[in-house]
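Please read the structure below before turning to the comments.
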Amino acid sequence: MPTAEAPAPPRPARDAKPPAGLVVTIGAAGWVLMAVLHEDGHHHAPALGPALTGWVVMVVAMMLPTALPLLGLLRRFRGGTGLVALGGLIYVGAWTAAGAVLVALHLALADRLAQWPYAAEHPQAPLGAALMLAGAYQFSEWKDRCLTACRTPRGIAMLHWRGVRPAWAEAATVAGVYAASCVGCCWLLMATGLLTGAGSLLAMAVLAAVMAAERLTRHGRVLVRPAGAAALILGAFLLLGAVG
């Protein structure tokens, strides 16, 4: 039984529905905007501001729909729609903070690679290296732990909803922990999107499908290692110049 120091989160209302329609609509709008930015990006040199804007659009399109388990849970607690909005903002904010670091590193490395003859002769090599890193990460214990956490937002709520603060503060803690676990789960796959997005929206769709399947489907955990192996193989081919 919950104690006075750590009471369980409030019991969800049975008649509340998850905000799937709204979240999917926002995600679809993100894909449309991402296509527009993708086309416009062909005519401009990369810069931190536009690149970070593109990253946020990527997050909304590719990652926000995968947060439906969290958002649906928050909607069923006291506070309803307000907690959903707060959870969504915290989730996107966490990914934006991670993106600021990744985008800055990406631009810095792009400047260095532009001066490297091998990279000029093998433009797919950076993507190959990123895929191999992402593939290796799929086999790591940290990936497994983070995936476990972001597949079970109810478990996070049971651990972190203390019941001694306003509902919005408790929900913010749960959303923050959930967002951190999801960043830890998918950050390298999303990082490859900084490279694949420059060449193919289809590749971005494949990445989004893999991350959504891992986190939302019943047997998503089974896909983790095959996806990692595929990324390792494709990355090796790209590094060796066998593809592209």
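The nearest pair of heavy atoms linking V103 to A51 is CG1-CB, 3.5 Å. The minimum heavy-atom distance between C185 and E214, with the atom names listed, is SG-OE1, 4.4 Å. Closest of all the heavy-atom pairs between S181 and I156 is OG-CD1, 4.3 Å. In this structure, L33 and V57 approach most closely via the heavy-atom pair CD2-CG2, 3.7 Å.
Distance alone, capped at 3.5 Å, is enough to place a donor-acceptor pair between the R151 side chain and the T217 backbone.
You'll find the side chain of M34 reaches within 4.5 Å of the side chain of L201, heavy atoms only. Side-chain contact check for L216 versus P69: some heavy-atom pair is nearer than 4.5 Å. Residues L70 and V174 have side chains in contact (heavy-atom distance under 4.5 Å, counting atoms from C-beta outward).
At a threshold of 4.5 Å between side-chain heavy atoms, the hydrophobic network of Ile, Leu, Val, Met, Phe, Trp and Tyr places L89 and V177 in two separate groups. Linking Ile, Leu, Val, Met, Phe, Trp and Tyr residues whenever their side-chain heavy atoms come within less than 4.5 Å places W168 and L73 in a single cluster. There is no path of hydrophobic side-chain contacts, each under 4.5 Å, that joins V206 to W187. Under the 4.5 Å side-chain heavy-atom criterion for ILVMFWY residues, a single connected hydrophobic cluster contains both V92 and L68. Hydrophobic clustering, with ILVMFWY side chains joined whenever heavy atoms are under 4.5 angstrom apart, keeps V210 apart from L133.
With values rounded to the nearest 0.5 angstrom, R75 atom CZ is found 11.5 Å from L83 atom CG. We find the OG1-NZ distance between T148 and K143 to be 10.5 Å, quoted to the nearest 0.5 Å. With rounding to the nearest 0.5 angstrom, the CG atom of L207 is 10.0 Å from the SG atom of C186. Rounding to the nearest 0.5 angstrom, the gap separating the CE atom in M190 from the SG atom in C182 is 11.5 Å. Rounding to the nearest 0.5 Å places CD of Q138 at 5.0 Å from CG of L189. Here the CE-OG1 distance, from M204 to T192, works out to 8.0 Å after rounding to the nearest 0.5 Å.
Identified under the side-chain hydrogen bond (donor to acceptor under 3.5 Å, both in side chains) test for residues 48-65, with sequence neighbours left out: none. Listed by first and then second residue, the salt bridge (Lys or Arg N to Asp or Glu O under 4.0 Å) pairs that reach into residues 22-37 come to none, sequence neighbours excluded.
Taking I26 as the reference, L22, V60, L64 meet the side-chain contact (heavy atoms from CB on, under 4.5 Å) condition, with sequence neighbours excluded. Legend: residues meeting side-chain contact (heavy atoms from CB on, under 4.5 Å) with A98, ordered by chain and number and at least two apart, are V183. R221 meets the salt bridge (charged side-chain N to carboxylate O under 4.0 Å, His left out) test with D144; sequence neighbours excluded. Take A191 and apply the side-chain contact (heavy atoms from CB on, under 4.5 Å) test, not counting sequence neighbours, and it matches L102. By the side chain to side chain donor-acceptor pair (under 3.5 Å) test, T173 pairs with R165, sequence neighbours left out. For A208, the side-chain contact (heavy atoms from CB on, under 4.5 Å) partners two or more places apart in sequence, or in a different chain, are W31, M62. Judged as a side chain to side chain donor-acceptor pair (under 3.5 Å), and not counting sequence neighbours, the contacts of R215 are T66, Y91, Y178.
Grouping Ile, Leu, Val, Met, Phe, Trp and Tyr residues whose side-chain heavy atoms lie under 4.5 Å apart, directly or via other members, places L105 in a hydrophobic cluster with V101. When hydrophobic side chains of Ile, Leu, Val, Met, Phe, Trp and Tyr are connected at separations under 4.5 Å, L147 ends up clustered with V224.
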Report, one line per pair, each donor and acceptor closer than 3.5 Å where one atom sits in a side chain of residues 229-241; sequence neighbours left out.
none

